[in-house]
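Okay, structure first, notes after.
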Amino acid sequence: MQTIITHSDKGQQLAQRLISSGFEATIKRSPGQYDRLWQNNKALIFIGALGICVREIAPFLKDKKTDPAVINIDANGQFVQPVASGHMGGANTLAQRISKMLGAQPVITTVSDTSGLWSLDTLASRFDWKMECSGNLTRLMAAFVNGRKTALLLEARDEGTLFLETEAPSHVDLFFNSADLNIDDYYLVIAVTSFLHNFGDKAIFYRPPMLHVGIGCQRDLPFYEFERLLLDGFHKDGVSFLSLASLGTVDIKKDEPAFLQLSEKWNVPLCCFSGGELSKYDVPNPSSKVEEMTGCAGVSEASAMHLANNSLLIEKTKVKVADKNFTYAISVDRCFDRKGFVEIVGAGPGDPELVSVKGKRMLQSADYILYAGSLVPRELTEYAKPRCVVESSAGMDLMTQMESMRKFYDRGLFVVRLHTGDPCIYGAIQEQMNIMDQWEWQYHITPGISSFQAAAAALKSQFTIPEEVQSIVLTRGEGRTPMPEREQLHKMAASQSTMCIYLSAAIAIKVQQELLTHYPPETPVAVCYKLTWKDEKIYRCTLATLSETVEENNLKMTTLIVVGKAIDNRSGFSKLYDQSFSHEFRERRKA
């Protein structure tokens with residue numbers, strides 16, 4: 001809940017303006033019971049003099065970890081200033097959002113924000129980590145913002161570690177192995193890890209949810225002893241229970257009270273699997289007795305492996321509680337494992353600034369970049385960090401590409417396979433993924449902007465026309481690679497949709513002949529060469545002159561042919577902004 005507090009007509013008008021702009025809040029005019037407002041709101045927005053705001057909240061300020069966000073706006077709407085709980089309460093972020101709605105100046109005074117540094121107290125909530133500190137958090141955060149020498153230890157891989165790795169300030173040194181880190185060289189250690197390390201009073205730890213624990217037991221396990229001994233086991237194994245993502249067991253234990261109580265208390269899901277599901281795993285410590293009872297050779301080990309899609313970090317450990325036994329095993333979620341990994345990145349149509357923000361970060365953190373040199377501009381590889389190896393795949397066959405990546409993958413390094421446009425459209429990644437699956441590699445795809453989207457932008461055209469053209473066909477002509485009979489161009493052309501034809505400039509005459517079976521000769525055509533590259537060229541013609549245009553300009557590779565009356569069209573209006581049309585967010589205007 002958010003409340004806007006004002007004491008004047010002018011402030012009331014500004015509050016109404018915020019509400020009308022989509023800001024969700026309740027407006028209170030000169031309220032008297034601030035204690036209730038303080039307790040029941042996640043944000044209080046004062047409109048008026050800053051001094052009034054400060055006097056009214058002063059009696060209630062207690063702890064930045066629990067206080068609501070407090071923001072003050074002058075009655076003219078020129079300045080928006082966080083007053084309390086800037087980081088942990090979200091006042092800084094909220095102030096910036098409100099400033100954009102009002103066209104106002106945000107007044108942010110926290111040092112990390114004004115210095116462009118990480119907000120260490122908000123990283124955990126931002127990336128779904130848990131935070132713990134081995135020293136005085138305020139002192140360590142001050143050391144960071146004052147530029148004291150800092151070590152960054154990353155023993156996990158996720159969106160947050162990618163951000164830290166690519167946005168590290170100059171006073172931060174990066175490590176992937178704790179053995180390489182000499183603690184005496186640093187004032188502060190920032191560690192994203194599930195492992196326990198003794199860095200004295202110098203460390204801020206972030207714990208990603210990356211550990212899956214398989215558990216098995218005899219019936220009616222006493223809970224408190226079970227919990228204590230399990231925590232002791234974590235400590236002896238050198239892992240933090242704060243990184244626990246889930247618990248797993250066999251379905252016949254789904255109603256075990258100790259398991260259910262632990263799941264509820266630790267706020268992690270208890271996942272139950274059939275013996276058949278768990279029997280698929282070749283566990284290192286099988287038990288014939290367990291198999292007889294459950295149908296699988298090892299409940300704890302198989303459950304952990306199943307949840308993590310990975311091998312075991314900690315094999316089955318047997319623990320005695322009074323006259324009962326329980327077992328546990330731990331596995332690291334494969335998605336977080338800092339081992340060999342391939343990211344297939346869409347480079348976009350060519351302009352280095354049209355790669356996605358995530359794609360750019362991948363390029364900045366890669367240890368090896370293998371890029372499609374015949375199609376991807378070399379400038380995109382300039383995002384690479386020092387000592388990153390960059391190679392073009394232009395002269396490589398499939399297995400040469402795979403073996404080139406394998407040299408780095410097998411060393412536990414991060415590989416980026418950089419493809420043009422969006423890699424899922426004529427990207428030739430399917431055969432690579434097939435081999436990666438056989439080799440049991442970890443990989444992921446970061447999409448890119450396709451050249452058909454770049455073409456629409458360059459042509460200043462909307463490729464769909466209300467009530468006339470509502471489909472876009474992405475296809476290619478039949479060259480050396482056969483097309484399925486049902487997808488022959490003359491059959492696809494029957495719809496007279498906007499057609500974006502890839503990889504076909506060399507067979508422009510054949511493309512033209514097939515399209516003329518359904519499209520009129522005067523149909524607009526755009527022949528787009530190297531869209532968004534420095535030497536981009538776009539030739540407008542009609543379908544009747546398509547092959548002539550391609551031949552005259554000697555166009556072969558990196559050419560997209562767009563066909564359809566949507567090119568340069570300005571007719572046809574959608575219902576979306578029609579004043580007589582109502583929808584969820586707007587009432588129709590009555591005549």
Side-chain angles (χ1 to χ4, degrees), residues 128-130 132 156 193-196 207-337:
D128 193 28
W129 299 335
K130 291 185 172 66
E132 59 181 336
T193 180
S194 62
F195 296 110
L196 301 177
R207 307 297 190 186
M210 59 189 291
L211 298 181
H212 297 278
V213 177
I215 45 180
C217 74
Q218 294 178 301
R219 280 289 180 191
D220 299 322
L221 201 63
F223 172 70
Y224 292 106
E225 275 298 290
F226 160 61
E227 179 187 37
R228 181 182 67 81
L229 290 171
L230 184 59
L231 286 171
D232 286 348
F234 276 31
H235 189 266
K236 290 174 185 175
D237 294 326
V239 295
S240 173
F241 80 97
L242 293 177
S243 280
L244 185 60
S246 70
L247 300 165
T249 192
V250 69
D251 54 8
I252 63 172
K253 297 291 184 181
K254 64 183 179 182
D255 57 352
E256 172 60 40
F259 291 177
L260 294 171
Q261 193 171 344
L262 188 71
S263 171
E264 182 178 1
K265 183 175 179 180
W266 289 12
N267 193 30
V268 292
L270 174 65
C271 306
C272 302
F273 309 103
S274 69
E277 287 179 281
L278 299 181
S279 67
K280 300 173 185 176
Y281 293 88
D282 184 14
V283 296
N285 298 285
S287 166
S288 56
K289 184 176 181 180
V290 170
E291 188 167 14
E292 182 183 337
M293 294 177 63
T294 67
C296 64
V299 169
S300 57
E301 291 182 327
S303 297
M305 294 165 72
H306 186 63
L307 285 165
N309 189 27
N310 206 349
S311 57
L312 292 170
L313 174 68
I314 306 295
E315 293 185 7
K316 180 172 73 175
T317 302
K318 190 173 182 179
V319 184
K320 192 170 185 64
V321 183
D323 61 340
K324 308 286 184 179
N325 292 315
F326 76 88
T327 62
Y328 72 89
I330 303 175
S331 190
V332 174
D333 193 303
R334 196 172 181 186
C335 295
F336 288 85
D337 222 349

Partner residues of [X] under the side chain to side chain contact (heavy atoms under 4.5 Å, CB included) criterion, sequence neighbours left out:
X: E315; answer: P284, N285, E301, L312
X: D282; answer: none
X: K280; answer: none

Can you list everything that forms a side-chain hydrogen bond (donor to acceptor under 3.5 Å, both in side chains) with [X]? Sequence neighbours excluded, please.
X: S287; result: none
X: R228; result: E225, D232
X: S303; result: none

**Asked** Mind checking whether I252 and T294 have side chains closer than 4.5 Å, heavy atoms only?
**Response**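 They are in side-chain contact.
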**Prompt:** Does anything in residues 252-262 pair up under side-chain hydrogen bond (donor to acceptor under 3.5 Å, both in side chains), and if so which pairs, sequence neighbours excluded?
**Reply:** R219-D255
**Request:** Under the salt bridge (Lys or Arg N to Asp or Glu O under 4.0 Å) rule, collect the residues that match up with E227, sequence neighbours excluded.
**Result:** K265
Under the rule for ring pair (Phe, Tyr, Trp, His ring centres under 6.0 Å), what residues qualify as partners of [X], not counting sequence neighbours?
X: F195; value: none
X: F336; value: none
X: F241; value: W266
X: Y328; value: none

Between [X] and [Y] (side chain of the first, backbone of the second, donor and acceptor by atom type, cut-off under 3.5 Å), is there such a pair?
X: S243; Y: P208; result: yes
X: T249; Y: I215; result: yes
X: N310; Y: S331; result: no

**Request:** Run the numbers on F259 and L247 for side chain to side chain contact (heavy atoms under 4.5 Å, CB included), then give the verdict.
**Result:** CA-CA 8 Å; F259 291 177; L247 300 165; over 6 Å; no
**Message:** Quiz question: by atom type and distance under 3.5 Å, do the side chains of H212 and S246 form a donor-acceptor pair?
**Reply:**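 Distance-only check passes for H212 and S246.
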